[in-house]
Colleague: 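Got a structure for you, questions after.
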Amino acid sequence: AQTVTQSQPEMSVQEAETVTLSCTYDTSENNYYLFWYKQPPSRQMILVIRQEAYKQQNATENRFSVNFQKAAKSFSLKISDSQLGDTAMYFCAFDDYGGATNKLIFGTGTLLAVQP
Amino acid sequence: DVKVTQSSRYLVKRTGEKVFLECVQDMDHENMFWYRQDPGLGLRLIYFSYDVKMKEKGDIPEGYSVSREKKERFSLILESASTNQTSMYLCASSSPGRGTEAFFGQGTRLTVV
């Protein structure tokens, strides 16, 4: 079974600085997708970034980028130029595709606080 | 603007009550999910559905059931609410296929007293 581990329950960063959130996972599959989702205090969960395992290039979305190390099964999220609006719970997730449907397996989350 | 709407943001129920949590999506998604979110445990899948009237158990289905009579609506039912079901419940929907984005509702914080 696939598992996702986030070892940092809480992190703090100063505004405008860079922070990296860690995620490791375990799977026997070769092709899969990984995600980072953000849940701000408003509770509305939104997709931050997505990575396909077959793609060598790390995904980027504006200030958000990932460091995907397939052999190490590591998928970290880097937030550059942190902003107050980045304060949120961040979840790493694995796309568990079973043929009929796909479902997300989540880590336990990292609560990020951006300090002014 | 795509939407997943949960019927209540906050809910307080008594032990033993039958509780219905409703979720509606307007994106014509085949997949719908119910997750439970608890501090330190992340999101855990309760049930999911990949078609009308189809349902599959997730990781923690005990004490819950679901209903999907129409494509846009997915209901979570607590047959006899217990205090250990006090939690945040999140509904989500997605299109079928690998790597598709899941869209979430705003969550229902349920307290069972």
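Proteins come first, then strands; the chains are lettered A, B, ... in the order of their sequence lines, and each starts at number 1. Just so it is clear, the model here is predicted, and its values are computed rather than measured.
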Colleague: State plainly whether one hydrophobic cluster holds both A:Met89 and A:Met11, where clusters connect Ile, Leu, Val, Met, Phe, Trp and Tyr through side-chain heavy atoms under 4.5 angstrom apart.
Modeller: no
Colleague: Return yes if a side-chain donor-acceptor contact under 3.5 Å exists between A:Thr27 and A:Gln2, otherwise no.
Modeller: yes
Colleague: Which residue, A:Leu112, A:Thr110, A:Thr108, A:Leu111, forms the side-chain contact (heavy atoms from CB on, under 4.5 Å) with A:Gln8?
Modeller: A:Thr110
Colleague: For atom CG of B:Asn84, is the number of surrounding heavy atoms from other residues, nucleotides or ligands below 6.0 Å larger than 12?
Modeller: yes
Colleague: Just verifying a value: how many Å separate B:Arg98 CZ and A:Asp95 CG, rounded to the nearest 0.5 Å?
Modeller: 7.5 Å
Colleague: A:Leu47, A:Asp96, A:Val4, A:Ile105: which one forms the most heavy-atom pairs within less than 4.5 Å of chain B?
Modeller: A:Leu47
Colleague: Can you tell me which of B:Arg9, B:Met54, B:Glu30 forms the most heavy-atom pairs within a distance under 4.5 Å of chain A?
Modeller: B:Arg9
Colleague: Has A:Lys78 got more than 12 heavy atoms of other residues, nucleotides or ligands less than 6.0 Å from its NZ?
Modeller: no
Colleague: What part of A:Gln6 gets within 4.5 angstrom of chain B, counting heavy atoms only: side chain, backbone, both, or neither?
Modeller: neither
Colleague: Can you say whether A:Arg43 sits under 4.5 Å from chain B via the side chain, the backbone, both, or neither, judging by heavy atoms?
Modeller: both
Colleague: Enter the distance from A:Phe91:CZ to A:Trp36:CH2 here, rounded to the nearest 0.5 Å.
Modeller: 10.0 Å
Colleague: What distance do A:Cys92 atom SG and A:Leu77 atom CG have between them, rounded to the nearest 0.5 Å?
Modeller: 9.0 Å
Colleague: Among residues 36-48 of chain B, which ones touch chain A with a heavy-atom distance under 4.5 Å?
Modeller: B:Gln37, B:Gly40, B:Leu41, B:Gly42, B:Leu43, B:Leu45, B:Phe48
Colleague: Highest number of heavy-atom pairs under 4.5 Å with chain A: which of B:Ser94, B:Gly97, B:Ser95?
Modeller: B:Gly97
